[in-house]
Every structure is written in C-alpha cells, then in structure tokens.
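These notes concern the structure reproduced below.
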Amino acid sequence: MKRERLTMSQALVKFLDNQYIECDGVETKFVSGMFGIFGHGCVVGVGQALEQGGHNLKFYQGKNEQNMALAAVAYAKQMDRKAIIPCVSSIGPGATNMVTACGCATANRIPLLVLPGDTFACRQPDPVLQQAEFFDNYGRTVTDAFKGVCHYFDRILRPEQLMTACINAMRVLTDPADTGAVCLAMPQDVEGEAYDYPEHFLQKRVWHLDRRPISASQLERATALIKNAKKPIIVCGGGVRYSSAEKELLEFAEKYNIPVSETQAGKGLIDWKHPLNLGGIGVTGGKAANVIGRDADLIIGVGTRFTDFTTSSKWLFNENRKVLGINICPFDAYKMDAEAVVADAKESITALIKSCEGYKTAYTDEIQKAKTEWDAIVDDYYSKELEGGLNQTLALGIINEFMPDDAIALGSAGSLPGDMQRLFRPKDRGTYHMEYGYSNMGYEVNGALGAKLAKPESEVYTFCGDGSFLMGHSELYTALQENLKINVCLFDNLGWGCIENLQNNQGTDTFGTVFRARNPETGMLDGDDMTVDFAKIAEGYGAKGYTCRTSDELRAALEDAKKQTKSCLFDIKVLPKTMTPGFESWWRVGVAEVSKSETVAAAYKDMQENIAKTFDY
C-alpha cells in the first residue's frame, strides 16, 4: 500500500481538495475554498498546510469567525447544498465564535464544516493561551460547545484519527436527510504531527447524492389520502429546492388543480404569477394562502419542516384536516401527525402524478378569487406613499421592481422577512434566499458574500435592518477585498422594530427595543433617537454609500449603483412601524400570566383563547 507522510493538517487539506459530489449524473467539486482567521491555534498547522501549496483550495480571509461561517452557510444554501466552504479558526474565542453559525446551519439543514483549533492533546503546555479550564473534567474544552449544535462532532487526538473523522464528516455533509453543521476539533499540537497516510484516503472521492424512491406501500397510502380529499393545499418547502422538484410539483398541482403555498425556504420555486401560487403561508404568510389553508381538508407538505411560522403555531389548519408529509428526512416527514412518505421529493411527486390519475379537487373559483384579492393587496403596499417619510413596504417594492431577473434577494431577521415572504416577487428560480430557520441577525451582510461567491455572475441585494447590521457585517470588508460587489439595503427604523411591534401587540409598552440615548433625567433609554450615518460607515470601508429618505432618492441611488463595480450600501431611512401586519394568522409567544397591566392581562387572555383553537399531539 502506497503511503505519503504528511502532517494532519496537510492531509486534511489534500483530502478536502479531492472531494466531489454527484447528482443525476452531474459531478461537481464539493470543496473549492476555505475561510480562515489565523491565530496561534491554527496558523502553524492548517495555515502552514495552505501556505505551502500543492492544492487547489482558494483561501478567503475572514474578519470575524461567526460572520465568515455565516457566509459559508449562505454559500452552501445558494449552491443547493452541493458545495461547501470549510471554516478554520484558532482556539478559544475564535473557535466558539463559530457556534452560532453552526446552530444556523443545523436549523436550516445546510452543510457547514468548521475546523476550530483546540488545546494541546498532550496537555503538557496547559493551560495555554485562551484555554478555559474545567475543574470537573480536564479533557473538556470549549469546543465541546459545538456538540449541541452539530450533527457530527469529532476531536482528532491523533493524526491517524483524521481518516475516520473525515469520512464521517463527509457522510453527514452530503446526506440530504441528515445534513447540518459538522465540527472537527483540532488540538494544535496534533495539527502539526505527521503520519504515513494511505494513498487511497488522499485520492479523488465522489459522494453520490442518490434519490430515495417512494415505496409501493407509501405511494398507495399517499394516493388514497389525496383522492379522498376535496380541497387539499400544497405547502412547498426548501426540500423541493434541494431535490430540484419544482417542475414536477407544478405539473402535479396543475394536473389536479391543487393550490400551492410557500414557506420561506420554498419561495421562488413556482412563479409568483402562476394562478395556483397563493404565496407565503403562516405567520409571515399572506391572506390568500392562509384563508385557503384554513379550510383545506388535506395539507400536503413537501420538503417542509412545518415550523411554528408555517403552521401559525399549529393554529392555522382546521381540526378535521389530514396531513401528508413528503420528506427525505424521517424526522420531518412524521411531523404534524402526518401520513409520512420518507422519500425524495422529485421521485415522490413524479410517482403521484401517475398514481392520482382521474382525481379532481372540489375547488371552483376560490383559488382565483383569493389570489386576485391578494395580488391587489400587494400592489397597494408596493405603491402607497405615506406622509412624513418613506415607508418600508414602498421601499421594498421599489427595490423588488428594480432588481434584474437573475439578482438574488437575501435576508434573515427582523420585520423584513415577513414583508418579503408576503410581498416579494422573485423573478427567477434561486433568486430568493431567506435564512429563517434560525432568524440569525447578522446573517444578511455576511450571507451576501457567500451568495456572491456562489453566483458571482448575479447581483446580490441583501435586506437588513439597522439592528441586524450592527449585529455583524464584517464580511463587507472581505467582499471589498475580493472585488465582489454586494448591495446592502439597510432599512433604518431606529431600533428592533419587529420586536417592538411584538412587545406592543402583547400589551407591553415600548421598552429596550428602540435605539435611544440614556436620558439623564429619567435614567431610562428614552432620550434622543440614536441617529447613525450608515452610508458614511460603508464609505469608511471603501464601499459606495447612499442615504435615501424619499422614494425618488432611493430610485436614483439604485440607478447610480448599477454603474458601480464595488459594494454599495443604501442607508434607507424608513418610518418606524411601516411593515406589513399579519394576515389571518396567529403566533404563540409566552405572554405573562400575572401582570399589573390590563393590556398584558388582555393579551394573556387572548393567548389562552387561541391556544384552545390549536391541535395537540
């Protein structure tokens, strides 16, 4: 057996450089680059391996470990989970900074490989710089924190352990049913230790994304359920995207006249203008999907996790409804007490198109009426000017209309995801990119870099509030460094407006949710508004900044930005509380059972009444 003597880090780099994925006969490179921030825990290990060359991995210099890992999540999502950018860090805070991004990846079922440095396996220099010591277990390190947010965790204590660790890491990263974050913790002494690695471990390896077919018994049960339904509705989730099943789903819907609703992850797969597409469903959904969904007798969930936002905290659907869960992941397929089809979405829908022959729904003109009414509501939000300043929904409409057909709209947290699921009209497949499984503030700007790395030929417009921008935007600097243009649409509403709305709607006065200075007279945060020139911040980085207070200024800025080759930031000063409301939906939050406030008591009573309308299992 031929062997090659390499350090653990050198072998890791060579292994990752030779990983490929195959789906439907198309083979692509799975790893083509690596994010990293070097410190004493990795610079002479993985850093040395990357520096000496002999590989085809492009190194991207992150500026904050959490943010570069969020960019990697966005890259994998935009690539439909068929490519990743691993992230390497030092020990201590550099390592734990990536824990949040791992939670984000796992919540969204997105592959992310993190390679944090760790303390010495030999323990002889301990405690080393940035090591946190645990008195109850000397073998415990801060990288154990990754165990709670990763689908696979391994600590490589000897260089030969790399082989089983890497194979298991790739197993999870390429598994459509069990993917998420993977952590390979690397003690810094082991990073530099050598082993005679067998040649077969280092050679090209192709991982096959095989489609799991629907079984005959599953097909029989699913067909019977559909044929017995009079008014079913489809919930199109992210699994439809990752299975590339949107054409089959549309054919199925058209053939049997079944309306389609969208989750955040499934939005943009079916043309918004299609007469059967009712748009977003649930808490951040629109009136059309929620009204039709409420009366449906069968919910056909395809590739959806059925989160509380999709089901309105299990309040939306009527008590007599049945659920059919089509999902490659058994954990998701059985949710909502569903009849489960554990299979690939494309394979399942293709089979159902044939097996449901002769079926017809009982819908007459309900779908058309609901869609026509909803389209008019969206048009109104997208065109209505308000006195006193620029409103959020009009600004969103202006940008939506302006964006090229292939431009990517990206978002994550705050009130904008609600506005976007309800109102946004994607123009091409794959141009709506919303991270909402974790609602990770700070994802937006950093994720835009990842999306741009995935699709450098497309313009990327990321939508964030001032609160999210302040949470994290370090990779704007990296985008400038890489000569990659991203467009940051920053909606400045002077605080965390989404949460202020939630707070007020549940009976509590505004407290801690708007950005105001400390008032020396009251001692509270109720002084003057904290006004920030975000355009100037962007210009300080070297980007192009625009300040937009009117619709005309926004349109002019968008036009001028077309001429720019560097990243642009639009500091859009919007009127607070000008986002969309809920439509025929409810969201359960933990309202105080005991309060001196009459409005809080009323909100608690309302919550109890709505809980009585939900279904338990």
Side-chain angles (χ1 to χ4, degrees), residues 7-13 15-16 31 33-52 55 57-73 84-105 112-134 138-150 153-159 161-162 165-166 169 181-193 442 446 449 472 474-475 477-478 481:
T7 68
M8 186 275 280
S9 297
Q10 293 162 359
L12 172 67
V13 168
F15 174 86
L16 291 174
V31 183
M34 183 179 289
F35 273 113
I37 296 178
F38 292 133
H40 70 281
C42 64
V43 70
V44 296
V46 176
Q48 185 277 333
L50 289 167
E51 184 276 333
Q52 77 173 14
H55 58 82
L57 299 182
K58 187 173 183 179
F59 176 70
Y60 300 103
Q61 186 187 76
K63 305 303 175 295
N64 172 278
E65 292 86 358
Q66 175 178 313
N67 295 342
M68 74 180 184
L70 290 175
V73 174
I84 64 169
I85 302 179
C87 299
V88 64
S89 80
S90 185
I91 77 166
T96 54
N97 276 351
M98 297 193 292
V99 171
T100 294
C102 287
C104 181
L112 170 68
L113 174 60
V114 294
L115 304 165
D118 212 329
T119 57
F120 277 72
C122 71
R123 299 183 181 176
Q124 295 313 299
D126 293 2
V128 297
L129 180 65
Q130 297 182 332
Q131 177 178 351
E133 296 176 280
F134 299 94
Y138 206 88
R140 182 149 57 102
T141 77
V142 296
T143 55
D144 283 285
F146 285 96
K147 293 178 180 178
V149 291
C150 288
F153 173 89
D154 208 342
R155 181 175 287 115
I156 303 167
L157 297 172
R158 295 176 58 90
Q161 291 177 353
L162 178 71
C166 281
V182 169
C183 174
L184 300 183
M186 306 182 300
Q188 54 191 292
D189 52 344
V190 180
E191 285 192 41
E193 293 176 359
N446 306 300
L449 170 63
S474 64
E475 303 320 303
Y477 188 97
T478 307
Q481 183 181 30

Minimum heavy-atom separation for L115 to M186, with atom names?
-> O-CE, 3.5 Å
Side chain of Q481, backbone of G62: donor and acceptor closer than 3.5 Å?
-> no
Answer yes or no: is there a side-chain heavy-atom contact under 4.5 Å between F146 and M98?
-> yes
Backbone N/O of V46 and side chain of E191: donor-acceptor pair under 3.5 Å | yes
Backbone of L50 reached by a side-chain donor or acceptor of H55 within 3.5 Å | yes
Check the surroundings of atom CZ in R158: do more than 12 heavy atoms from other residues, nucleotides or ligands lie under 6.0 Å from it?
-> no
Ring geometry between F59 and F38 (parallel below 30°, tilted from 30 to 60°, perpendicular above 60°) = parallel
Using a 4.5 Å cut-off on heavy atoms from C-beta on, say whether the side chain of L16 contacts that of M34.
-> yes
Validation row: E65, C87 side chains within 4.5 angstrom (heavy atoms) = no
Distance-minimising heavy-atom pair for N446 and E475 = OD1-N, 3.0 Å
Side chains of V31 and I84: closer than 4.5 Å at any heavy-atom pair?
-> yes
List the steps and the verdict of salt bridge (charged side-chain N to carboxylate O under 4.0 Å, His left out) for K147 and D144.
-> CA-CA 6 Å; K147 293 178 180 178; D144 283 285; 2.7 Å; yes
D189 side chain to C122 backbone, donor-acceptor under 3.5 Å = yes
Work out which heavy atom in A69 is nearest to a heavy atom in L112; give both atom names and the distance.
-> O-CD1, 3.9 Å
Scanning both residues in full, the closest heavy-atom pair of G41 with I91 reads CA-CG2, 3.8 Å
Residue pair T7 / S9, side-chain donor-acceptor N/O under 3.5 Å | no
Could you tell me whether the side chain of S90 reaches within less than 4.5 Å of the side chain of V43, counting heavy atoms only?
-> no
Hey, is OH on Y60 packed in by over 12 heavy atoms from elsewhere, all under 6.0 Å?
-> yes
Would you call L70 and C104 a side-chain contact if the rule is heavy atoms closer than 4.5 Å?
-> yes
